[in-house]
Amino acid sequence: MNQDRFEKIGKGTLIHHGDYNKRVYLMKLDKRDLPGVIGEINQIARTNKYTKIICKVPQSASPHFLADGFFTEAQIPRFYDGKESAFFMSKFLNSDRLMGMETEQLKYFGGMLEKRNGTVADIIEPNGYQVRRLQAEHSMEMAAIYREVFDSYPFPIYDEKYIEETMKDEVQYYGVESKGKLIALASSEMDKKGLNAEMTDFATPKKNRGKKLSLMLLQEMERQMKDQGFKTLYTMSRLNSVGMNKTFLRSGYTYSGTTINNTNIAGQIESLNIYYKHI
């Protein structure tokens, strides 16, 4: 399966792009690259006939992107080092990608937000289960679970070598074990400089669902991130995954926007809801 690639441009800006998601995703902006980097990512997108550009940028950089025709799909306050907000700013290069949004799912999600009563889920005790941080020796079993759960995914988490490489960098993987076998997974992708972490890569095979395993993982990762000094947690949750949206809403996360038709996941391009929580 062909995957999109990571690429550093300018003095230190990190992007992720390719035909798989048909987009450029500016993941980390080096402010020294402003404003020229905007023209560079526009050129990359047009040359490759991508249909969307999405940029996660500090608030202070947002006027440069607004001036170039980007608009804000979501924002997270006090994202960088507990101080500066992050803006998720997008530009659609093909109207079909913007207009083909999941209208019915958005209406249903709106109803979920209206009915939210503000209660926070109780701490889940892992009775009969073990929640643990995973290491390289688990990578083959992890990759098999990701292949089982997702028909497609924006990053190659079904490849054990990719998992092992990201473990060396800034990703901590966690799993739920039952009788010595992994039955659910998730990860914390950390920005150690910005003191924020993305709660991501949740995967539970169908036979193990309905046991609140994702909530169990989320609560453990929150404890770990707090102990390690992180200030802000966030996630990009599939609009089409009712269960995961409920998990974050019940865990005290705040909804801050939806990135429309953003990511190739579970076999198609889907929209993602952005949530955050300060700890």
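When reading the values below, keep in mind they use all heavy atoms of this one structure, side chains included, and skip hydrogens, waters and symmetry mates. Just so it is clear, the model here is predicted, and its values are computed rather than measured.
Taking CD1 of I44 as the start and OH of Y50 as the end, the distance is 8.0 Å to the nearest 0.5 Å. Separation of atoms CZ (F230) and CE (M225) is listed at 5.5 Å; rounding is to 0.5 Å. Considering CG of L26 and NZ of K28, their distance stands at 11.5 Å, rounded to 0.5 Å. The distance from the NZ atom of K211 to the OH atom of Y129 is 4.0 Å, given to the nearest 0.5 Å. Rounding to the nearest 0.5 angstrom, the gap separating the CD atom in Q268 from the OG1 atom in T263 is 12.0 Å.
Salt bridge present: K277 and E222 bring a charged side-chain N and a carboxylate O closer than 4.0 Å. A salt bridge between D30 and K8 is absent, with no side-chain N of the basic residue lying under 4.0 Å from a carboxylate O of the acidic one. Using a cutoff of 4.0 Å between basic side-chain nitrogens and carboxylate oxygens, K52 and E73 are scored as salt-bridged. A salt bridge between E164 and K161 is absent, with no side-chain N of the basic residue lying under 4.0 Å from a carboxylate O of the acidic one. Between E84 and K31, at least one side-chain N (NZ, or NE/NH1/NH2) sits under 4.0 Å from a carboxylate O, which counts as a salt bridge. Using a 4.0 Å cut-off between charged side-chain N and carboxylate O, E114 and K107 make no salt bridge.
More than 12 heavy-atom neighbours from other residues, nucleotides or ligands sit within 6.0 angstrom of CZ on F6. Surrounding CE of M99 are at most 12 heavy atoms belonging to other residues, nucleotides or ligands under 6.0 Å away.
Of all heavy-atom pairs between S152 and N264, the closest is OG-OD1, 2.7 Å. The heavy-atom pair separating A136 from M167 by the smallest distance is N-SD, 3.5 Å. Residues G229 and L195 come closest through the heavy atom pair O-CD2, 3.9 Å. Of all the heavy atoms in V24 and A45, the pair that sits closest is CG2-CB, 4.0 Å. Summarising the geometry of T166 relative to I163, their closest heavy-atom pair is OG1-O, 2.9 Å, with the distance given to 0.1 Å.
Using modelled atom types, one finds a donor on one side chain and an acceptor on the other under 3.5 Å when comparing Q228 with Q172. A side-chain donor from one of D201 and S187 sits under 3.5 Å from a side-chain acceptor of the other. Between the side chains of R238 and S271, no donor-acceptor pair of N or O atoms lies under 3.5 Å.
Under the 30°/60° scheme for interplanar angles, the aromatic rings of F248 and Y275 are found to lie parallel. Between Y153 and F150, the ring planes are tilted. Angles from 30° to 60° get that label. Note: Y234 and F79 have perpendicular aromatic rings, judged against thresholds of 30 and 60 degrees for the angle between ring planes.
Take Q130 and apply the side-chain contact (heavy atoms from CB on, under 4.5 Å) test, not counting sequence neighbours, and it matches R132, E177.
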Derivation and outcome, side-chain contact (heavy atoms from CB on, under 4.5 Å), residues M199 and L218: CA-CA 7 Å; M199 307 288 97; L218 181 59; 3.9 Å; yes

Evaluation steps, salt bridge (Lys or Arg N to Asp or Glu O under 4.0 Å), between K207 and E148: CA-CA 11 Å; K207 61 186 176 182; E148 177 182 350; 5.2 Å; no

Test log, rule ring pair (Phe, Tyr, Trp, His ring centres under 6.0 Å), inputs Y255 and F109: CA-CA 11 Å; Y255 166 72; F109 176 65; 4.9 Å; yes

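H16 has its side chain within reach of N21: a pair of non-hydrogen atoms, C-beta onward, lies under 4.5 Å apart. Using a 4.5 Å heavy-atom threshold, the side chains of M27 and T13 count as separate.
The closest donor-acceptor contact from the side chain of D4 to the backbone of Y20 lies under 3.5 Å.
Applying the side chain to side chain donor-acceptor pair (under 3.5 Å) test between R97 and each of T51, N262, N261 identifies T51 as the sole match.
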